[in-house]
Structures are given as structure tokens and as C-alpha cells.
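Counting begins at 1 with the first residue of the sequence.
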Amino acid sequence: KLELSKMTGVKTYSPVFKKRGSKLPTAKAIKAQNKKVTAFKTSRELEKKKALQTFHQSQKPKLNVSLNPEQQNAVELLEKTNKNVFLTGSAGTGKSFVINQYLSNTQRRIPVLATTGAAAILVNGVTFHRFFGLRLSELDDKGVIQRAYEDDRVRKRILEASEVVIDEVSMLKPRDLELASEIAKKVKNNHNVFGGIRVVLTGDFFQLPPVIKRDDEFHTGSKWIFKSEIWKQLGLTYMELIRPVRTDNEEFVKILNKVRYGICDKQVEDFFNSRFYPPNEKYSGTVVYAKKEMVEGHNKKMLEAVDSKAMKFVTEVSYAPNIKKIDTIFKDSPIPEVLYLKVGAIVMIRKNDPEGRYVNGSIGKVLSISNGKLKLALAAGKIELEKDNFEIKNGDGGTIATITNFPVVLGWAITIHKSQGASLDHYRVNISGLWEPGQAYVALSRAKNPKNVIIESWSKGSVKADPEVIGFYKSFTKLEKSV
């Protein structure tokens with residue numbers, strides 16, 4: 001009370017320490033004093049909140065980049081309207097680039113939600129399910145909504161949100177999107193879709209689909225969110241980026257567009273045959289596999305074959321205060337719990353460089369490991385990497401843990417799933433025996449230069465697209481008409 005009195009200039013009363021003979025303060029005086037103290041505390045909280053907003057804004061990277069005309073149109077639409085938006089486009093057209101530019105320009109804190117834990121870490125965001133408190137398990141819809149509503153943290157972050165960005169929406173299930181909207185309505189006490197929160201969706205439905213288990217008793221109808229009732233309610237403005245930025249090879253772009261639509265005609269077959277080389281044990285570049293077990297086995301075999309001393313780097317984990325150990329912290333981590341490296345090993349970088357020297361997916365060869373630095377030879381030149389941090393966030397966007405190690409993984413092999421969003425310089429791929437629509441497209445579209453892609457096997461049946469997705473993309477307005 002003494003400290004508060006000094007800070008506010010308001011006299012405080014404590015009847016416990018009343019001196020003999022002195023008068024107790026009247027109820028009116030106490031009420032007036034309490035009112036002044038409350039006003040002071042409120043002003044301090046507002047100052048603190050403003051300071052935090054200024055700090056968070058200062059932490060945002062300022063992008064010094066040039067946008068092509070359609071990317072600029074997309075950013076302007078996001079900035080100058082309050083419409084719900086679906087930003088899409090084929091692989092390598094700069095969807096993430098546009099969103100990052102938009103976020104770097106705004107003064108507001110907009111949560112970025114990802115459909116997987118690994119993607120959330122890479123975009124420095126949180127998962128869609130964690131943000132909306134979607135712990136599905138065996139509960140029915142009412143149970144899921146009520147449990148989320150009863151979570152103080154979920155209510156707080158939804159109440160504070162006026163807009164959210166949801167990345168890689170092709171992997172989001174209709175039920176999840178519908179439940180999130182119902183939770184937001186209940187929390188906001190607003191019957192509009194998502195409780196009036198502006199929703200920006202981004203992704204490409206021609207890429208990997210949502211994973212729906214056969215025994216999922218709650219799944220009915222189409223697996224795609226664009227077929228759901230909630231999609232219609234959102235009243236989205238569609239924006240499709242057309243111009244590729246990952247590659248400037250026009251013939252390759254035509255091939256990719258055909259594969260995207262599940263077309264394997266003579267032009268596509270001729271391309272596959274022109275890049276066909278049988279498996280070669282001497283090949284030491286990156287191989288893209290459909291299955292995780294094949295990736296792990298190949299990386300282990302190739303590392304053992306390198307004639308140099310193996311070095312072990314344990315990933316350090318530091319938790320925020322009052323956060324208990326998370327046993328599953330490496331489940332969605334972009335880097336392993338233990339990283340084994342050798343001079344001569346092939347690695348893949350798992351972060352984007354603010355200076356543009358490398359991107360998530362850049363492949364390099366280890367030249368040296370010394371003094372806490374990893375020297376790599378990339379296609380674009382030599383670089384040095386130090387250990388870097390990856391932040392694990394809670395649903396509020398607060399950091400609950402930080403994992404630290406060299407931002408690389410062994411790069412002799414990677415799954416098609418993990419390659420989504422990455423750009424690869426040189427790699428080998430097997431386009432046969434694929435079972436999901438979009439797998440062949442994702443695998444091929446990682447390339448910057450088609451001359452650096454080796455196809456060790458292919459089958460016509462592996463080039464497929466979902467008929468519902470084809471119909472959806474043929475139905476909506478292109479970017480130029482929507483702006």
C-alpha cells in the first residue's frame with residue numbers, strides 16, 4: 001500500500017493499523033480511493049499492453065523485397081478490405097511470400113495457424129487445433145465445443161482475435177473447420193461465421209489431402225473443406241496466383257500444370273522418359289520417397305558410407321517458466337532429437353535465411369565442423385551456419401519451449417510429405433506406386449530446374465488428381481477478376 005501510495009499519489013487506508021484516537025476513513029473516502037487506485041492500475045495495464053504491442057511489432061522481420069504484379073494485387077486486397085479470403089495457386093507461385101509480406105506490413109498481431117505441428121514451427125505459428133482448443137478424441141461435436149469453451153486460455157485468445165491466417169488448408173478436415181467456427185461463435189457471442197473473425201485461408205488443394213482414418217465415425221461426406229457448408233458461409237474471395245517464381249522454365253511449368261490436374265499425356269510421358277535414369281548406388285544427392293521408413297533407412301546407409309568421423313549433436317531443449325517437460329516435443333520438430341553429422345555428409349537446411357542465401361529445403365555438403373560452426377557448400381556458394389532456435393508455441397502464440405541445434409537434417413532422402421513447401425536444387429524421385437492424388441505433383445514441383453530432377457521410375461497411374469478438386473478449381477474466378 002505504501003508503494004502504491006507513492007506511485008499513485010493516492011492516500012491508502014489500512015484499518016488494521018489504525019492509531020489510537022484517529023478516525024476511520026468514511027465509506028465515501030474509501031470508495032473514492034479505490035476508484036482512483038483502479039483507474040491507476042487500468043492505465044498501467046494499458047501502458048504495458050501498448051509497450052508489448054510495440055515490442056512485438058519491432059520483432060517482425062521487415063521484408064525488403066519486390067512483388068510481381070499479381071502478388072502486389074493480392075497483398076493490397078488483404079490490406080485494403082476486410083473480406084474473408086482464400087489465397088491459392090500452384091506450387092512455387094509465392095503464396096507464403098504474399099502472406100509474409102502482408103503480415104510484415106500490418107501493425108496488428110494476427111495469429112498464423114498451421115494444420116500440422118511441423119508446419120507451425122516453420123511458420124513461427126501455432127496449430128489450428130491448439131488455437132481453437134480442438135481436442136477431438138471420442139467426443140461428439142457438442143462435447144468438443146463445450147470443452148473448448150470452458151478453457152479460459154482458448155476463450156481469451158479467441159476474444160482477442162479479430163483475424164486469423166490458416167496455412168496449408170488442403171490438409172484441414174471439414175469437421176475441424178466447422179467446429180472451430182462454432183467455438184468462435186460461442187466465445188464471441190456472435191452468430192456470424194467464426195464469430196465475426198476475419199479468416200484468411202491459404203493453400204493448394206491439388207497438393208496433399210487431409211488424412212481421414214477409415215474408422216473415423218464422425219466423418220461424413222466429402223473430405224474436402226470446399227465442399228462443406230462452412231466454406232459457403234465464409235463467403236470467401238478467391239485469389240489464385242498464376243505466375244510461378246520457383247522456376248522460370250516455361251515448358252516445365254506446362255508439364256507441372258498437367259501433372260497438377262492428373263494429366264499424363266504424351267508431353268508428360270516424354271518429359272518423364274527424358275529425365276529417366278535407373279537407380280544408381282553411386283548417386284549421392286537427395287532422393288524423395290513416399291514412405292518415411294525408406295527415408296530413414298537411406299539416410300542411415302549413406303551416412304555410414306561416408307569415410308570420416310561421425311559427430312553427435314544433441315538438440316538442446318529449454319522450457320519457459322512453469323512449463324513441464326513435453327515428452328512429444330520432437331514429434332513435429334523440423335530437426336531431430338540427436339543429429340549425427342560427418343564431413344562430407346549431405347544435409348538439408350530447415351530454415352529460410354532472412355538474407356536470401358538459402359531457403360527451407362536447400363541442399364548442401366558439409367565441408368567442416370569446428371568452433372560451433374557448420375560450413376556448407378550449396379549450389380549458390382559456401383555458407384556458415386551456427387546453431388539456431390526453433391520455438392514451440394502454445395495456442396496463445398507464447399513460446400513454451402525452444403529447441404536449439406544446427407538447423408539441418410540429413411539430406412540424402414526426404415518424404416514427399418516433408419518436402420511440401422521446400423525448394424530443391426538437385427534430387428531423384430520415384431513416381432511409381434503412389435497412392436494419393438497430388439503426391440506426384442508435390443514431388444515434381446519441388447524443382448527449380450527440371451534438368452536437375454532424376455526420375456528413377458514412373459507409372460502413369462501415379463499421376464492423379466481428385467475429380468472434386470479439378471471441378472472446384474475450374475469453377476472459381478481467377479485473381480484478376482476478384483481484385
Side-chain angles (χ1 to χ4, degrees), residues 118 121-122 277-317 329-330 333-353 355-390 402-419 422-430 443 446-449 451-454 456:
I121 295 171
L122 291 173
Y277 294 94
N280 186 343
E281 290 295 325
K282 293 182 180 180
Y283 178 80
S284 60
T286 300
V287 185
V288 177
Y289 287 117
K291 295 183 178 179
K292 181 180 178 181
E293 304 80 50
M294 298 177 73
V295 168
E296 292 175 345
H298 187 75
N299 277 330
K300 182 179 179 181
K301 180 182 74 174
M302 296 300 289
L303 182 66
E304 290 173 350
V306 175
D307 187 19
S308 62
K309 181 182 177 181
M311 300 183 72
K312 178 181 177 181
F313 300 93
V314 178
T315 299
E316 299 171 12
V317 182
I329 196 165
F330 288 101
S333 171
I335 54 176
E337 185 173 2
V338 179
L339 177 64
Y340 291 96
L341 294 175
K342 291 181 178 181
V343 172
I346 300 297
V347 296
M348 175 182 289
I349 301 177
R350 299 303 282 146
K351 268 199 169 186
N352 292 320
D353 179 26
E355 298 177 18
R357 296 171 300 165
Y358 53 83
V359 296
N360 172 30
S362 290
I363 301 294
K365 186 175 184 179
V366 178
L367 299 178
S368 65
I369 310 170
S370 62
N371 300 321
K373 293 184 178 181
L374 185 65
K375 190 171 184 179
L376 304 178
L378 307 180
K382 297 177 181 179
I383 64 164
E384 281 189 342
L385 292 178
E386 295 182 347
K387 291 185 177 181
D388 208 341
N389 296 329
F390 293 86
T402 301
I403 56 177
T404 306
N405 209 333
F406 290 116
V408 300
V409 295
L410 293 177
W412 282 288
I414 187 173
T415 61
I416 292 175
H417 186 274
K418 285 286 180 71
S419 74
S423 298
L424 302 179
D425 297 307
H426 300 80
Y427 65 102
R428 191 179 83 198
V429 63
N430 186 327
R446 303 307 96 203
K448 297 179 181 178
N449 185 340
K451 294 181 180 179
N452 295 332
V453 181
I454 296 174
E456 64 176 42

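- When side chains are defined from C-beta on, Thr404 does not count as touching Asp388, because their heavy atoms never get closer than 4.5 Å.
- Thr286 places a side-chain heavy atom less than 4.5 Å from the side chain of Ile414.
- Side-chain atoms of Thr402 and Asn389 include no donor-acceptor pair closer than 3.5 Å.
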Which donor-acceptor pairs under 3.5 Å do the side chains of residues 376-387 make with protein atoms, sequence neighbours left out?
none

Could you give me the CA-CA distance, side-chain angles and deciding distance for Arg350 and Val409, then say whether side chain to side chain contact (heavy atoms under 4.5 Å, CB included) is met?
CA-CA 7 Å; Arg350 299 303 282 146; Val409 295; 3.9 Å; yes
In sequence, state the C-alpha distance, the side-chain angles, and the governing distance for Tyr340 and Leu410, and then conclude on side chain to side chain contact (heavy atoms under 4.5 Å, CB included).
CA-CA 8 Å; Tyr340 291 96; Leu410 293 177; 5.7 Å; no
For Lys342 and Leu303, run side chain to side chain contact (heavy atoms under 4.5 Å, CB included): C-alpha distance rounded to whole Å, both residues' side-chain angles, the deciding distance at 0.1 Å, then the answer.
CA-CA 7 Å; Lys342 291 181 178 181; Leu303 182 66; 3.9 Å; yes
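- Contact of the Phe390 side chain with the Ile335 side chain is registered, since non-hydrogen atoms from C-beta on lie closer than 4.5 Å.
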Trace of the side chain to side chain contact (heavy atoms under 4.5 Å, CB included) decision for Ile363 with Ile346:
CA-CA 7 Å; Ile363 301 294; Ile346 300 297; 3.6 Å; yes
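- For the ring pair (Phe, Tyr, Trp, His ring centres under 6.0 Å) condition, the pairs that include at least one residue of residues 287-306, sequence neighbours left out, are Tyr289-His298.
- Contact of the Ile454 side chain with the Val429 side chain is not registered, since no non-hydrogen atoms from C-beta on lie closer than 4.5 Å.
- Atoms CG and CE, on Leu374 and Met311 in that order, are 9.5 Å from each other to the nearest 0.5 Å.
- Taking the side chain as every heavy atom from C-beta outward, Glu456 and Tyr277 never approach each other to under 4.5 Å.
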